[in-house]
Amino acid sequence: MDKVLYLAMSGARENMLAQQSYANNLANANTTGFKSDLAQARAMQVFGEGYASRVYAQTERPATDMSSGSLIDTGRKLDVAIAGDGWLTVLKPDGTEGYTRAGSLQMNAANQLVTGSGLPVMGNGGIPIALPPFENIDIATNGIITIRPVGDNGVELLVADQLKLVNPDPKTLFKGTDGLMTTGAQAPLEADLDVRLRAGYLETSNVNAVSELTGIITSSRQFEMQIKMMKTAEENSEAATSILKLS
């Protein structure tokens with residue numbers, strides 16, 4: 001295969017991957033707690049016989065922008081937003097822990113506290129949080145859940161559980177295909193008692209829509225340039241073949 005054609009093809013492939021990343025970010029610009037993905041590729045020299053003068057694009061594992069979004073006041077008592085660094089812990093379908101900043105919590109039919117996507121929220125005891133029927137609920141800044149059970153005299157409060165809040169090193173986190181952050185380890189993380197949250201608030205997505213749209217336009221133009229380079233390589237090959245036939 002012509003080297004120019006291969007290099008253009010590798011560049012076009014990375015442009016397509018970047019387009020997917022930008023489009024996914026833009027689609028989640030209004031998703032609570034969403035962290036934008038960074039399209040990553042780097043230039044890599046082609047080594048082999050002769051001088052290494054060719055450079056192609058090499059894919060790297062995509063990174064995630066960990067910066068915080070804005071906090072919006074919802075007034076809903078089951079809405080929580082992490083104030084600063086930290087993550088809520090949820091139980092994934094495979095039985096391992098996942099970490100999220102999407103704090104729009106709700107109660108399911110089994111009286112479990114779950115996320116908007118239905119994943120059970122973990123407590124500090126290492127099990128999903130289940131609450132008895134209640135008339136009122138309050139979530140403190142340290143994640144302690146206090147309820148007033150149904151049928152009580154209206155003054156007795158019950159400390160039901162505590163949200164498991166973690167704060168691992170961002171370098172150890174990566175986003176899985178399910179959109180949750182994970183460390184890739186099977187062992188659960190220890191709770192961090194210094195993490196704080198705000199009840200009645202939600203964190204918005206950290207996606208910059210203007211930046212993502214600009215990235216889509218730029219990547220599209222680069223893709224077109226790579227296609228033109230492939231076409232030029234084809235024309236050069238045809239011209240060289242014609243010259244060889246004449247000789």
Side-chain angles (χ1 to χ4, degrees), residues 6-46 54-72 80-90 92 94 96-104 115-117 119 165-186 189 192 195 197 201-227 229:
Y6 177 78
L7 299 180
M9 180 190 68
S10 69
R13 178 195 61 197
E14 296 307 321
N15 288 138
M16 291 179 63
L17 293 175
Q19 285 277 34
Q20 294 176 8
S21 177
Y22 294 136
N24 183 63
N25 290 341
L26 203 55
N28 287 280
N30 294 319
T31 301
T32 300
F34 181 80
K35 302 299 179 187
S36 61
D37 298 314
L38 304 175
Q40 283 193 219
R42 61 172 171 153
M44 191 69 182
Q45 283 184 302
V46 180
R54 306 277 184 168
V55 177
Y56 68 98
Q58 181 182 36
T59 303
E60 293 185 322
R61 191 179 76 180
T64 302
D65 181 1
M66 298 292 188
S67 61
S68 300
S70 303
L71 300 187
I72 54 175
V80 294
I82 302 293
D85 297 330
W87 303 84
L88 292 167
T89 307
V90 298
K92 299 200 294 184
D94 64 0
T96 60
E97 286 187 352
Y99 310 104
T100 181
R101 303 266 295 197
S104 182
T115 63
S117 57
L119 295 175
L165 306 174
V166 299
N167 188 20
D169 184 350
K171 295 179 181 178
T172 66
L173 289 175
F174 64 93
K175 187 183 292 185
T177 55
D178 54 7
L180 296 172
M181 303 303 293
T182 181
T183 60
Q186 296 296 319
L189 295 176
D192 189 330
V195 177
L197 54 78
Y201 287 81
L202 286 177
E203 180 184 352
T204 63
S205 168
N206 69 350
V207 172
N208 184 324
V210 174
S211 176
E212 299 302 325
L213 187 56
T214 302
I216 288 177
I217 295 172
T218 302
S219 181
S220 178
R221 290 175 177 173
Q222 291 176 348
F223 182 82
E224 291 175 0
M225 181 183 68
Q226 302 291 358
I227 297 300
M229 189 177 297

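Everything numeric in this text was worked out from a predicted model, so none of it was measured.
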Open item on the list: A quick test of your reading: do over 12 heavy atoms of other residues, nucleotides or ligands sit less than 6.0 Å from CG of Asp65?
Closed with: yes

Open item on the list: Can you tell me if Asp169 has over 12 outside heavy atoms packed within less than 6.0 Å of its CG?
Closed with: yes

- [ ] Taking all heavy atoms of Ala27 and all of Thr31, pick out the closest pair and write down the distance.
- [x] O-OG1, 4.5 Å

Task: Donor-acceptor pair between Glu97 and Tyr99 side chains, under 3.5 angstrom - done: yes

TODO: Using only heavy-atom distances, determine whether the side chains of Ser67 and Asn206 contain a donor-acceptor pair under 3.5 Å.
DONE: yes

Quiz: residues 215-225 side-chain donor-acceptor pairs under 3.5 angstrom, not counting sequence neighbours:
unit_1	atom_1	unit_2	atom_2	d
Thr218	OG1	Thr214	O	3.0
Ser219	OG	Asn15	O	3.0
Gln222	OE1	Asn15	ND2	2.9

Task: Donor-acceptor pair, side chain of Ser205 and main chain of Asn28, under 3.5 angstrom - done: yes

TODO: Spell out, as yes or no, whether a donor-acceptor pair under 3.5 Å connects the side chain of Thr32 to the backbone of Ala102.
DONE: no

Task: Non-hydrogen side-chain atoms of Ile82 and Leu88 separated by less than 4.5 Å - done: yes

TODO: Compare all side-chain heavy atoms of Leu189 with those of Thr183 and state whether any distance is below 4.5 angstrom.
DONE: yes

TODO: Show the numbers, then the answer: is there a side-chain contact (heavy atoms from CB on, under 4.5 Å) between Asp192 and Asp85?
DONE: CA-CA 11 Å; Asp192 189 330; Asp85 297 330; over 6 Å; no

Task: side chain to side chain contact (heavy atoms under 4.5 Å, CB included), paired with Phe34, selected from Glu203, Arg101, Lys175 - done: Lys175

Could you measure the distance from the [atom1] atom of [X] to the [atom2] atom of [Y]? Nearest 0.5 Å is fine.
{"X": "Leu38", "Y": "Asn25", "atom1": "CG", "atom2": "CG", "value": "7.5 Å"}
{"X": "Glu14", "Y": "Met9", "atom1": "CD", "atom2": "CE", "value": "10.5 Å"}
{"X": "Lys92", "Y": "Asp178", "atom1": "NZ", "atom2": "CG", "value": "5.0 Å"}
{"X": "Leu173", "Y": "Thr64", "atom1": "CG", "atom2": "OG1", "value": "9.0 Å"}
{"X": "Ser36", "Y": "Leu26", "atom1": "OG", "atom2": "CG", "value": "11.0 Å"}
{"X": "Asn167", "Y": "Trp87", "atom1": "CG", "atom2": "CH2", "value": "9.5 Å"}

Open item on the list: Could you go through Asn24 and Asp37, starting from their C-alpha distance and side-chain angles, then the distance that decides it, and tell me whether this counts as side-chain contact (heavy atoms from CB on, under 4.5 Å)?
Closed with: CA-CA 8 Å; Asn24 183 63; Asp37 298 314; 3.5 Å; yes

Open item on the list: Using side-chain contact (heavy atoms from CB on, under 4.5 Å), reason through Thr182 and Phe174 one step at a time and then give a plain yes or no.
Closed with: CA-CA 6 Å; Thr182 181; Phe174 64 93; 3.7 Å; yes

TODO: Carefully, step by step, assess Leu202 and Leu71 under the rule side-chain contact (heavy atoms from CB on, under 4.5 Å).
DONE: CA-CA 6 Å; Leu202 286 177; Leu71 300 187; over 6 Å; no

